[in-house]
Every structure is written in structure tokens, then in C-alpha cells.
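Computed from a prediction, not measured in an experiment: that's the story for all the values here. Throughout, numbering of the chain's residues begins at 1 and tracks the sequence.
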Amino acid sequence: MWALRTVPMLFHLLTALGAVNLLVHFPSKVRVVYGLAVYGFFVQTAVALVVLLFGRSELDTLERQLEGLEKMATCNSPVLHRKILTRIALFVTLAAISCGLWISFPLVVGEFTHGNYHIQVELPLALQTQTGYWYSLAFQVVTVVLGTILALTFDCCFFTWLNTVAFHLCTIRNMVQALNSLQELTDTPKVNSSPLMTIAAKTTSWSLSSVLDEKEESPNQELQDLQHNNRREKQANLDQLFVGNASIELEKAVETCDSTETLRLIDGYYSQIASLANSINRLCGLPVLITHAATMTVVLFGVYASILLASEPSKPGRGTQITGFAVFIFMFVLRIIFVSFDGGEITENCEELSASLAAMEWLHLPPEAKQRRKALLQKTAQPLCISAAGVFNINKINVLNIFSFVLTYLVVMVQ
């Protein structure tokens, strides 16, 4: 563990010193632009390294919370599994292509001299020899590979955690909607019903099959058939809402239309999800903020560096470097799009849960169930969200903000 903590940090520290040395000695504009196009990536990976190595207590807490939520509901949806695995495979492929292009650039250029590095740095004069060049090149290859692995590790974990929160919120929302549908099926109030019948209706444990098979007594056969067909239609909608992968206790409470027990379990379930979201914010807030800042820097200076390269047709390795910048930029943009849409999905699911609770037929609920519903409405009034160190919330509008920022300053820099 000591080596795992020291070696990557040492590589990042030496790379940072070389980058600072480059900026202090006022090199050419081209080298500064090339450097700024990739410095954001290494700042992001350095922060991810600190989080993964020194945030062990938060990671252990996160693991326990994930195990607790798995007891409440497990994901059996092949669609969601394919979504996450496809996303991870896409990022692994893009990272491998970008890393390969990055490493092959000095080989394509064919000029093994100082300045043709993967990362724009300035070495001391004592190291500016032919032997020192190869040492520096090998050092930077290891740094690039380490940074790519760190970025992939953090991205895979973070995307999975976001989808976990969204999945469990969706499960709770479906449970509330299933409870509402069952209440509509079982609640058949009559004007002339006696208090004894009302008490019996409230204390009876209704099963799903008895609700479907039971037919209300009605002197009008057409009205009876209409009511029966209406129930069948509601049950068809209920089959789409009901989540079959929740815990047995929660499923049983919903199927028996026990609103008090269902809302009690949902209240505890939502509290666990909120605790998981808070842990993600504490652990990933700073890396997410750095990721957004790095994306704006990489996209802005990467596009500008590509424009500079395109204006120099005689530069060796120009095509390889432009392609490398394009893949690098595409990977950062794709990462931000996925993060923003997953964060927005969490907020949307929480808002839909609050709307489902508000639509619940609360007048016929027992007093304890009414209190649970009111408490849940208060909790969901402020939707769960993933924030970037409290600076801003992660949602879909962030993608538009980043593109508008990059476009504005890119025009200024070109002019």
C-alpha cells in the first residue's frame, strides 16, 4: 500500500514540476497551448488518485451502503446492465485509442529531441541529453498509462454509483405508483356502508388475486362488466409498474395494500438512498468539479492547438497529433455528457417520486400512513442531487454551459 500510494504520486509530482518549469521559462506559444491542452487531464487524475488512495473510510462507508441497498432491491434488468457495460466498454476503447495515439506521436514525428514529449515539460539542462531524453520519454509513457488507468477507474465507479442511485429511486417511485393502483382497485366506497363494514374494509388484508377475481355486487350487469374491464385495464398498467426485484418484505406490503407498512419501508429505503447520495457527494465532489474544469480546458486548448496544427501543413506528425487531440476531446465531452445526464436522471426520478406521493389517495389512509406520506413529501420536496463540491449541481444544462463557454473563448483566442 505504501508503494501504491507513493509511486503514482511521485510520477504526478515530477510531471507537475516539469510543467511549472515550462511555464516559468516563457517558452513558445505553441508549447504552452499544447501543454494546457493536456494539463487538465493530469490534474484530474491526480485528484482521483488522492480520492481512491486516501479516501478509504468513505469508500468503505459507500460499500456498506451499497450492500444495504442491495438487500432492498437488486437490478435484474438486462437493459440497465447493457447500458452500464456498453458505456464502460466505450470508455475503455476510447482511452486505449487515445493512449496509443499519444504514445505513438514521438515515433511518428521521428525527431527524438527535447520538446517532442507526450506532455509538454521543460527539463533541467543536466537532463537535456540523448540519454536523458529516452529516460524522460519512458517516464512519460508510464505517467500517461497511469493517468489513463486512474481516469478509467474513477469514471467506471462514478457512473455505476450514479446509476445505482437512479435505479433505487426508480424502484421506490414504481412502488408508490403500484400502491396507488392497488388502492384504486381495492377502494370501493359505498354511500350506505355501515361503520362496521368500513372498519372491516380497512383491516382486511387484500391479496392481489382476490382483488382481481372479486366482482362487486351491482344490479346493473353492464355496469358490473364495465367495472371489471376497468380493473383489468388498471391491472395491466400495474404489471408494468410493479417491481418484481424488490425485497420480499416490501413486495408483500405492496401486494397486500398495507399502506402503513409500505410507506414505513419506503421511508427507510429513501433514507438509505439519501445517505448514499451524500456519501457520493463527499467522496466525488472535488473530482467532479475538477473534471468539469479539465473538460473546459482540454476542449478549449485542444481545439485551438488543432487549429494551429492545421495551419502548419509541413509539420511532421501533424495528422497523428490532430487525431490524438480529436479523440482526447471526444472522450472528455462524452464523459461530461454521461455525467450530466445521469445526474439529471437522479433529480428527475426524485421529482417523479414526489409527484407520485402527492397523487396518492391520502384521505382514506390510516393516521400513521398519513404521517409517513407527509414526512416523505417533505423529504422529497428538495430533490436529491449530485453536486460538484457544492459549487453547482450536476444536470443536463451543464453540457450547454460548457459548450457556450468554450465557443465564446475560442472565438476570442482565434481573433
Side-chain angles (χ1 to χ4, degrees), residues 3-19 34-55 59 84-109 116-121 135-161 284 286-299 301-303 305-306 317 320-339:
L4 286 175
R5 294 186 183 194
T6 305
V7 173
M9 292 298 294
L10 181 62
F11 272 78
H12 279 76
L13 179 60
L14 292 177
T15 303
L17 291 175
Y34 291 172
L36 291 175
V38 297
Y39 290 160
F41 172 73
F42 288 98
V43 173
Q44 175 198 351
T45 57
V47 174
L49 177 64
V50 172
V51 168
L52 293 175
L53 291 183
F54 298 98
L59 287 170
I84 296 178
L85 291 177
T86 302
R87 184 175 299 179
I88 292 175
L90 177 62
F91 272 103
V92 170
T93 304
L94 287 174
I97 294 174
S98 178
C99 189
L101 289 170
W102 208 344
I103 292 175
S104 66
F105 169 66
L107 304 178
V108 173
V109 173
N116 290 327
Y117 293 115
H118 310 305
I119 314 158
Q120 293 296 324
V121 296
Y135 282 134
S136 176
L137 197 62
F139 173 84
Q140 293 205 19
V141 168
V142 176
T143 306
V144 169
V145 174
L146 276 176
T148 304
I149 293 174
L150 284 169
L152 276 176
T153 303
F154 179 79
D155 287 344
C156 292
C157 291
F158 188 61
F159 289 137
T160 306
W161 296 336
C284 304
L286 182 59
V288 171
L289 178 63
I290 297 297
T291 298
H292 281 74
T295 299
M296 291 187 290
T297 305
V298 166
V299 174
F301 288 97
V303 173
S306 300
T320 302
Q321 197 167 13
I322 291 177
T323 305
F325 276 128
V327 176
F328 200 49
I329 291 169
F330 181 68
M331 184 171 61
F332 267 83
V333 171
L334 206 61
R335 177 190 289 125
I336 286 298
I337 290 176
F338 284 154
V339 168

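Counting heavy atoms from C-beta outward, Gln44 and Arg335 have side chains that approach closer than 4.5 Å. Residues Val144 and Phe42 have side chains in contact (heavy-atom distance under 4.5 Å, counting atoms from C-beta outward). When side chains are defined from C-beta on, Val50 counts as touching Met9, because their heavy atoms get closer than 4.5 Å. Residues Cys284 and Val51 fail the side-chain proximity criterion, which asks for heavy atoms closer than 4.5 Å. At least one side-chain heavy atom of Val142 sits less than 4.5 Å from a side-chain heavy atom of Phe11. Counting only heavy atoms from C-beta outward, the side chains of Pro287 and Phe158 never approach each other to under 4.5 Å. For the pair Val339 and Thr291, the minimum side-chain heavy-atom distance is 4.5 Å or more.
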*ring pair (Phe, Tyr, Trp, His ring centres under 6.0 Å) evaluation trace for Phe338 with Phe91*: CA-CA 11 Å; Phe338 284 154; Phe91 272 103; 5.8 Å; yes

_Using the rule given for side chain to side chain contact (heavy atoms under 4.5 Å, CB included), can you reason through Val298 versus Val38, listing the C-alpha separation, both sets of side-chain angles and the distance that settles it, and then say yes or no?_
CA-CA 6 Å; Val298 166; Val38 297; over 6 Å; no

*Run the numbers on Thr15 and Phe139 for side chain to side chain contact (heavy atoms under 4.5 Å, CB included), then give the verdict.*
CA-CA 9 Å; Thr15 303; Phe139 173 84; 3.6 Å; yes

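Checking His12 against Thr143 by side-chain atom types alone, no donor-acceptor pair falls below 3.5 Å.
None of Phe330, Phe325, Phe332 except one satisfies the ring-ring contact (aromatic ring centres under 6.0 Å, His included) rule with Phe328; the exception is Phe332.
Closest approach of Cys156 to Ile88, counting heavy atoms only: SG-CG2, 3.6 Å. Closest of all the heavy-atom pairs between Ala95 and Thr148 is CB-CG2, 3.6 Å. Listed here is the closest heavy atom pair of Gly40 and Ala294: O-CB, 3.3 Å. When all heavy atoms of Leu150 and Thr45 are compared, the pair lying nearest together is CD1-O, 3.8 Å.
The CG atom of Leu334 sits 10.0 Å away from atom CG of Asp155, with the distance rounded to the nearest 0.5 Å. Expressed to the nearest 0.5 Å, how far CG of Leu14 lies from CG of Leu10 amounts to 4.5 Å. Separating the OG1 atom in Thr6 from the CG atom in Leu13 is a distance of 11.5 Å, to the nearest 0.5 Å. Atom CG of Leu90 sits about 9.5 Å away from atom CZ of Arg87, to the nearest 0.5 Å. Between the SG atom of Cys99 and the CG atom of Leu94 there is a distance of 12.5 Å, given to the nearest 0.5 Å.
Counting heavy atoms of neighbouring residues, nucleotides and ligands inside a 6.0 Å radius, atom OH of Tyr135 does not exceed 12 of them.
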